[in-house]
Amino acid sequence: MPELPEVETTKRAIAVFEGQVLKKIEVHNPNLRWAVDCKTIKTINEAKILSITRRAKYILIQLKNYCLIIHLGMTGTMRILPIESNATRKHDHVVFYFAKHKLIFNDARRFGSLHITKSPSNHFLLSALGPEPNQSDFNADFLYQKIKTSNTHTKSFLMNQKNVVGIGNIYACEILFAAGISPRRKIKYLTKKDCRAVVDQTHRIINLAIEKGGTTLQDFYAPDGNKGYFKIELNVYGREHQECRNCQNPIKRIIQNQRSTFFCKKCQN
DNA sequence: ATCTACTCCTGATTGC
DNA sequence: TGCAATCAGGAGTAGA
C-alpha cells in the first residue's frame with residue numbers, strides 16, 4: 001500500500017522519462033476509481049514530457065498541453081519494461097509507450113486513478129490539499145492555528161488531506177507514538193508544544209521513510225522483486241499485544257473512523 | 001462548515 | 001483440501 005514515501009520513490013523512478021517523448025497511452029481497463037477519460041487519452045501521441053512531479057500522493061506528468069494525474073490507491077504500482085518485453089501481469093490497466101521502454105500501471109484493487117487535465121492546479125483532486133508533511137509550511141504555528149476550528153481527534157485530523165497531505169493510517173499511528181500523543185485526544189486541546197512535537201516527528205518519520213523507500217527503487221526495473229516497502233521499523237502499527245519498545249506494556253488496538261489505530265496507553269497521553 | 005459512516009475492490013488470511 | 005467469511009485501507013461522497 002503506497003503511502004507518500006512510496007509515491008515519492010515511484011515518482012523518482014519514473015522521472016527517467018522526463019524529456020522523453022510519450023508515443024501513446026493504451027488503456028486496457030478504464031474502470032479505475034474514476035473512469036479514465038479514454039477519449040482525451042487517445043489524442044496523446046508523440047508528446048514530450050516536460051516534467052514528472054509529486055503533489056501529496058498524486059504523480060503529475062506534465063505534457064505540453066495536458067497534465068496526467070496518477071494516484072496509486074492501495075495497490076497501484078508502476079513498472080518499467082523494455083519495449084520488446086511481453087511480460088504482462090494480471091491487473092495491468094494502463095501502458096505508456098516510449099521509444100525504448102514502456103511504463104505500466106498495475107492496480108489489483110483499482111482504488112487508483114488516472115486523470116487527464118489542462119489545468120492541474122484547478123483540478124478537484126488537487127485544489128483543496130493541505131501542505132506537504134515534510135515542507136516548512138507545515139510547522140507548529142500553522143498546526144496550532146489549524147487545530148482550533150477542528151472538533152475531531154488527533155489521528156483523524158492528521159489523516160485528513162485538507163490539513164496535511166500524505167499521512168495514511170500507518171504513519172498517523174507512528175507519528176503520534178513518536179510524539180507521545182494519544183490518538184484519542186481531541187486535536188484542539190493540543191498545546192503549542194504538542195504541535196511542535198507532532199510536526200517534528202512528522203518531518204523526521206516521513207523523511208526517514210522517503211530515504212528508506214529509495215531502497216525499493218530497483219523494484220521498478222526488476223519486475224519480479226515486488227517487495228521492499230515499509231522497511232522502516234514500525235513501533236506500533238500492526239503490533240497489537242506486542243510489547244511497547246519503550247515501556248514494555250502491550251500495544252493496544254482500537255477502531256477509529258472504521259480504521260485500526262495502534263498505540264501505547266502509557267507512552268501516549 | 002464539519003464530522004462520521006459508507007463505499008469502491010481483490011488478495012491474503014482465517015475458520016469450519 | 002476447499003469454500004466462505006473476514007479484513008485491509010485512500011479518500012470522495014452523502015447525510016447528519
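Per chain, numbering begins at 1; letters A, B, ... match sequence-line order. Just so it is clear, the values below take in all heavy atoms, side chains as well, and ignore hydrogens, waters and symmetry mates.
Between E132(A) and R55(A), at least one side-chain nitrogen of the basic residue sits less than 4.0 Å from a carboxylate oxygen of the acidic one, meeting the salt-bridge criterion. In summary, K24(A) and E46(A) do not engage in a salt bridge, as defined by a charged side-chain N under 4.0 Å from a carboxylate O.
Checking side-chain atoms of N134(A) against main-chain N and O of I206(A) turns up no donor-acceptor pair under 3.5 Å. A donor-acceptor pair under 3.5 Å is absent between the side-chain atoms of E240(A) and the main chain of F262(A), judged by distance alone. In this structure, the side chain of H203(A) engages the main chain of P133(A) through a donor-acceptor pair within 3.5 Å.
Following rounding to the nearest Å, R110(A) (CZ) and dG10(C) (C1') show an atom-to-atom distance of 16 Å. Computed from coordinates, the L234(A) CG to dA8(C) P distance equals 15 Å when rounded to whole Å. Per the geometry, CD belonging to E240(A) stands 16 Å off C1' belonging to dT13(B), to the nearest Å. Between N163(A) atom CG and dC3(B) atom C1' the separation is 12 Å, expressed in whole Å. Between the CD atom of Q256(A) and the P atom of dC6(B) there is a distance of 17 Å, rounded to whole Å. Atoms CG (N106(A)) and P (dG11(B)) sit 10 Å apart, rounded to a whole Å. In this structure, N29(A) atom CG and dC9(B) atom P are separated by 11 Å, rounded to whole Å. W34(A) has its CH2 atom 14 Å from the P atom of dG10(C), to the nearest Å.
In this structure, the aromatic ring of F111(A) is positioned over the six-membered ring of the base of dG10(C), centres within 5.5 Å and planes within 30°.
For the OP1/OP2 pair of dC3(B) and a distance below 4.0 Å, the side-chain nitrogens and oxygens of S150(A) include at least one atom meeting the criterion. Put simply, R33(A) has no side-chain N or O that comes within less than 4.0 Å of OP1 or OP2 on dG10(C). Contact between the side-chain N/O atoms of K90(A) and the OP1/OP2 oxygens of dG11(B) is found at a separation under 4.0 Å. Regarding contacts with the backbone of dG10(C), every side-chain N or O of H71(A) stays at 4.0 angstrom or more from both OP1 and OP2. The shortest distance between the side-chain N/O atoms of R253(A) and the OP1/OP2 oxygens of dA8(C) is below 4.0 Å. Applying the 4.0 Å criterion to OP1 and OP2 of dC3(B), one finds that S156(A) has every side-chain N and O outside that range. Look at T75(A) and you won't find any side-chain N or O under 4.0 angstrom from OP1 or OP2 of dT10(B).
Residue-to-nucleotide proximity on DNA chain B shows that, of T149(A) and R259(A), the 5′-proximal contact is made by T149(A). In terms of position along DNA chain C, the nucleotide closest to R109(A) lies nearer the 5' end than the nucleotide closest to the other residue of the pair L129(A) and R109(A). Taking the nucleotide of DNA chain B with the nearest heavy atom to each of H91(A) and N151(A), the more 5' of the two is matched to N151(A).
Geometric assessment of K102(A) against the ring of F96(A) yields a negative cation-pi assignment under the 6.0 Å and 45° thresholds.
Distances were taken from every side-chain heavy atom of N257(A) (C-beta onward) to each of dC9(B), dA8(C), dA5(B); the shortest belongs to dA5(B). When distances run from any side-chain atom of Q258(A) to the nucleotides dC6(B), dA8(C), dG10(C), the shortest one goes to dC6(B).
Among the atoms of the strands shown, none is found under 4.0 Å from any heavy atom of F157(A). As judged by a 4.0 angstrom heavy-atom cut-off over every strand, L125(A) is placed among residues touching the sugar-phosphate backbone only.
In this structure, H71(A) and Y58(A) have perpendicular ring planes: the angle between them is above 60°, well past the 30° mark.
Note: F177(A) and F263(A) fail the aromatic proximity criterion, with ring centroids not under 6.0 Å apart.
Taking the C1' atoms of five terminal pairs at each end of the helix from dT2(B)-dA16(C) to dC16(B)-dG2(C), the two resulting helix axes are inclined by 50°, rounded to 10°.
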